[in-house]
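Source: prediction; values computed, not measured. Chain naming here is simple, since letters A, B, ... match the order of the sequence lines and numbering starts at 1 in each.
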Number of protein chains: 2
Amino acid sequence: MNDTADQPYGPDSLANDVLHSIHPIPLTQALQLPRIVIEDTQPVIDNGQLAAKAVVGQPVTVTSKIYADGHDKMAVRILYRAVDEDQWQSVPMRELGNDSWIGEFTPPTFTRYIYRLEAWIDQFGSYRYELEKKYAAGVTIDLELEEGRLHLVHAAERSTLELRGQLDSLVKRFGEATENEAKVALLLNSETAAIMAKADNHAFLSRSLEFPLDVERELAQFASWYELFPRSITDDKKRHGTFKDVHTRLPMIRDMGFDVLYFPPIHPIGRAHRKGPNNSLTAGPDDVGSPYAIGSAEGGHDAIHPQLGTREDFRELVAAAAEHGLEIALDFAIQCSQDHLWLKEHPGWFSWRPDGTIRYAENPPKKYQDIVNVDFYAPDAVPGLWIELRDVILGWVKEGVKIFRVDNPHTKPLPFWQWMIADVRSQHPEVMFLAEAFTKPAMMARLGKVGYSQSYTYFTWRNTKAELSEYFTQLNESPWRECYRPNFFVNTPDINPPFLHDSGRPGFLIRAALATMGSGLWGMYSGFELCESAPVPGKEEYLDSEKYEIRPRDFTAQGNIIAEIAQLNRIRRQNPALQTHLGLKIYTAYNDNILYFGKRTADGSNFILVAVNLDPRNAQEANFELPLWEMGLADDAATLGEDLMTGHSWTWYGKTQFMRLDPSYQSFGIWRIKATNQ
Amino acid sequence: MNDTADQPYGPDSLANDVLHSIHPIPLTQALQLPRIVIEDTQPVIDNGQLAAKAVVGQPVTVTSKIYADGHDKMAVRILYRAVDEDQWQSVPMRELGNDSWIGEFTPPTFTRYIYRLEAWIDQFGSYRYELEKKYAAGVTIDLELEEGRLHLVHAAERSTLELRGQLDSLVKRFGEATENEAKVALLLNSETAAIMAKADNHAFLSRSLEFPLDVERELAQFASWYELFPRSITDDKKRHGTFKDVHTRLPMIRDMGFDVLYFPPIHPIGRAHRKGPNNSLTAGPDDVGSPYAIGSAEGGHDAIHPQLGTREDFRELVAAAAEHGLEIALDFAIQCSQDHLWLKEHPGWFSWRPDGTIRYAENPPKKYQDIVNVDFYAPDAVPGLWIELRDVILGWVKEGVKIFRVDNPHTKPLPFWQWMIADVRSQHPEVMFLAEAFTKPAMMARLGKVGYSQSYTYFTWRNTKAELSEYFTQLNESPWRECYRPNFFVNTPDINPPFLHDSGRPGFLIRAALATMGSGLWGMYSGFELCESAPVPGKEEYLDSEKYEIRPRDFTAQGNIIAEIAQLNRIRRQNPALQTHLGLKIYTAYNDNILYFGKRTADGSNFILVAVNLDPRNAQEANFELPLWEMGLADDAATLGEDLMTGHSWTWYGKTQFMRLDPSYQSFGIWRIKATNQ
């Protein structure tokens, strides 16, 4: 939770300072305190200051601890509504024991929702519980029956119209009954319970705060991203690729099963301090420079690099991509080249040094001599810069772009993101932002909390069974599961993972299996499917990095893993359990080289087991446990297994099984398990 | 955290509904959001709505996650004050890495305190960090030096008087320096840092909420309780013991090392429905009844049972106890016998049934036919009953009673406790309440949160190594460690633990060792020191329970464990690590019958190792690990060991050691460990 004073929550019926217990509260106010405690409600972020994440059409499971003094029965419900609706919807919660309550509702549209909980003492329910026990025990219940009659009478007195009529009729029937058995039956039957529930006066009603939920479209949680540099879509390093060239790639990318096609910045590239190949400080006249050095005389963040084509070309590409089922994602990198027009038009948006020069960007130990950063809180930047940046996004939204990958958001102020993302999404709720932050955990989580739909992760640096088990598990726990959707990129133009440098084709397949099975969101940067891995020696940078030069590729090169990627993405589409990072549990395989986990939908109807041999060089074997207990089956039960890579199927007998995963054949197994009667 | 809407926190500078992000926030308000995040601050309960616990004269360690965008250095401090002071005290926090900060302060008085955190961007500190790195790297720093000079100049401009003079002088010295080396030295030296810290403009200052702390006297955390029924202090079952008789017990109880002498209710006992021996429903004319059936024609909760003595006798006993270093604790049991005067004087404080009778108390499956409960929310009970109950407490405080053990607080409304305890303690901060609740965990914790100083626990039902390890560990974790001080009673008049029924003298010693070493707070009900354990067959009730009859005892009976209890309490007094339940860690002993843990003070100066053989019948042996890593020692280090029960001492060599614990000699070891140079 965020403790910052300037972000309190509301609304409240009592003055703030009264209940902040620095001083004892006066009795008059103690008498207004809720008798019923509602605490630890999930999903909630920062006590409701910020919105938890949900996806349209999928159930939101709400849990809470709810209790009061004594032994009375309680009734609890969830109230929810879209923020632009007036009417609350309502669903009851049920008790799990130990004061835990659970309930769920399914938001039908993607927009901001709010929900709250209400709990009250169910006086008639408590009465019924006691009557039933005493009647069963055979003790005298004359007094209890009279109390039951009075429950009906008082309920009738506080009701009107039809309900009152129903209650009066119950009282009449009760009066006409002569045997206790009939009276008890009348008081305990479900019709009476339903009528009494309608007439309930909600004794000691306690209300939670209102908690916001950011309900997004499905692609926020389940999507496969493909990244390419449009300028490299050429057969000749000397000929700059264009948007028109990218059309040729669309069928192949779609056939591999991707949903999102993401481009690094497409804006004019600065000339000043332009970087040459391999990040060299001096560029030759034909060097194309880094697309992250945004802005030249030809325009800035709202313009298109002329060598890529025209605005009309871009529109045509967005439309063609859509026809192939692909959405274009653009990069939002706020930095500027020193040629960016903003430096002249808005010098007050930057920090100038005493000699009139401007500080270039550093992200220690990295230096970006070709780019400079804006100063969000410079006196002249507030609010002009903030509005301009928001308008850059809105401009691209107008061109059909609904997904933005944001470069280094953790070096820009959180209040900016909180405002900008909410502002854009209030007009265009389909817009999503992916945070490219690689920094400490608190900030990683926070970016999700302030509005990012998805986030880059530590996945590329998690290699061992222990590391992966811990990380996958953590992402399924609070606060991560409420605020952070991990997009497992297997590589990026900035990250050539050391594991891939010398693990060969099996290494790429291992990482592809982990990413596609581990999260509903995964991504790859082109070249991965060709098992490209040549590094700058000793670094996780690519040699001859595409950030600084054009890199044509032969996408049919031998040894590629295109077919496997297509199959992995196909399996994801066919199995709902794989369409989210949630619902993952690590299971037991007795080999430290084999990561073995399961993904299961909340209703249990789809259950996938994944085993990955993390050793790219040697076959590994293990006994492992089928999680029969999750399916309510005995340890000796038979289950149906199906290999989703090969289509083979079989019957497993019992809990303990054996596997052998050989990188020379296939480093992983993906099995669908079902009960024999399922 | 508590999500209930009617308990919001404050104060705030922005309207509540603005930042509760149901709607996007306007830009004007986003610009006022804190740039620096302060989150997960501890100790904090329910976002600061309720007070965390602390003890006078002992450091309060505050931790928090604090971070912002970018790479600037931050400065953080704790501000704290007693609630009746105007001036804040301030201590700096230091960074532990990964955005975690820590600091501590020691409240000098027992009263309500508040603290808050402040964080800002340390602009000069960030500058120094960069200058130092660049100077060390040997790069050109002319521009950096000029920036440093401007830092000094601007600081001078915003300062006044003496500080301005100091800064002007620094600027002058800087101007006179000719070599870069001298300029760098001037900018980096600690004198300059101190002056600049004073002149700091606290850029982007972010403030946390104010968090309350309930600072209590030491006895809230470290005390040994002894419970007895005064009426049983007699040598003849037929002669009702009196307060005067209790004087004879004081020296022996004090010699055993107890601090608190606790009596079940001392008020007049009702006649109606009086219970006979062993909870029988009919009492004979000489049966004394349960002291929990409070109230008769002779008075109610504010009166003294005539057979115990006079008010003057009680005062004398309180005084005599104090002379023996003992405080008297009274029971606060809100229920009434059916003879209680309140039933006639305030019938509106009770729930009446349709036939004009009153419902007797039930705590399913237990039935208390001799007592009836008040109805806190009956229309006529608000607020008269609440005030009357508070005044009962205040009346006994006037008689010198500062500690109250509260019977079944979980069946009375939480708002009552929250108000009453704070109200009493605002007038008498030395007063403490012990919650006798045995119910689900959420309510157990909540009673601590609303103000109880101490709580009964699940200790008596935790017997195995796994159960005890988990429980002791949990009490050291959030939220328990901030809100709940466990008082480990080894038995009570209501709980005759099954483990003791047939484990003999070793069983009693095992439980005494676990209680005294496990928590700073422990308690026993008389008879435990005599190894009394005869149960009602099949129940955890005592046979011939003292709740319903007078039970004289021979406190010198053979086989008693008085000497051992005295020694355990002596060890507690001599070792600060044992004076709290906090600072406990489970360590490794390779035997599932041996629980092995350490208790260590925060400064490491006192470190006690405890091993308990949980098997009362057989000797158990184990290899075990000395926690040398906690002391910063290598695995082959020598350490000094001392047996605190026997006084023997020795040198341990290395990490792995061997123990043998034989119940026929002693079931536990309590060892003080020190580094050889300590």
>> To check you understand the geometry: which heavy-atom pair defines the closest contact between B/Pro34 and A/Pro415, and what is its length?
In response: O-CG, 3.5 Å

Where does [X] contact chain A at under 4.5 Å (heavy atoms): side chain, backbone, both or neither?
X	result
B/Lys412	backbone
B/Asp99	both
B/Leu150	side chain
B/Phe204	side chain
B/Thr357	side chain

Taking the side chain as every heavy atom from C-beta outward, state whether [X] and [Y] have any atom pair closer than 4.5 Å.
X	Y	value
B/Asp69	A/His410	no
A/Lys440	B/Tyr67	no
A/Thr411	B/His71	yes
A/Val37	B/Leu414	yes
B/Leu31	A/Trp386	yes

Please determine, among [options], the option with the most heavy-atom pairs under 4.5 Å with chain A.
options	value
B/Ala437, B/Ser426, B/Pro354	B/Pro354
B/Arg425, B/Glu146, B/Arg390, B/Glu147	B/Glu147
B/Pro413, B/Gly97, B/Gly70, B/Pro409	B/Pro413
B/Asn98, B/Asp423, B/Leu143	B/Leu143

> Mind checking what makes side chain to side chain contact (heavy atoms under 4.5 Å, CB included) contact with A/Ser478, not counting sequence neighbours?
Replying inline: A/Gln42, A/Arg481, A/Glu482

[X] [atom1] to [Y] [atom2] distance, which is reported to the nearest 0.5 Å:
X	Y	atom1	atom2	answer
B/Gln29	A/Gln418	CD	CD	11.5 Å
A/Leu27	B/Trp419	CG	CH2	4.5 Å
B/Asn47	A/Asn47	CG	CG	4.5 Å

Is [X] in contact with chain B via its backbone, its side chain, both, or neither, using a 4.5 Å heavy-atom distance?
X	answer
A/Glu118	neither
A/Ala442	both
A/Asp355	both

>> Does A/Tyr129 have more than 12 heavy atoms from other residues, nucleotides or ligands lying within 6.0 Å of its OH?
In response: no

> Between A/Arg35, A/Met420, A/Lys65, which shows the greatest number of heavy-atom pairs under 4.5 Å with chain B?
Replying inline: A/Arg35

>> For a side-chain contact (heavy atoms from CB on, under 4.5 Å) check, start with the C-alpha distance between A/Glu144 and B/Arg353, then their side-chain angles and the critical distance, and finish with the verdict.
In response: CA-CA 9 Å; A/Glu144 279 74 12; B/Arg353 308 192 71 183; 3.0 Å; yes

> Could B/Arg446 and A/Glu39 be called an ion pair, given the rule that one side-chain N must be under 4.0 Å from one carboxylate O?
Replying inline: yes

>> Strictly below 4.0 Å, N to O, side chains only: are B/Glu130 and A/Arg359 in salt-bridge contact?
In response: yes

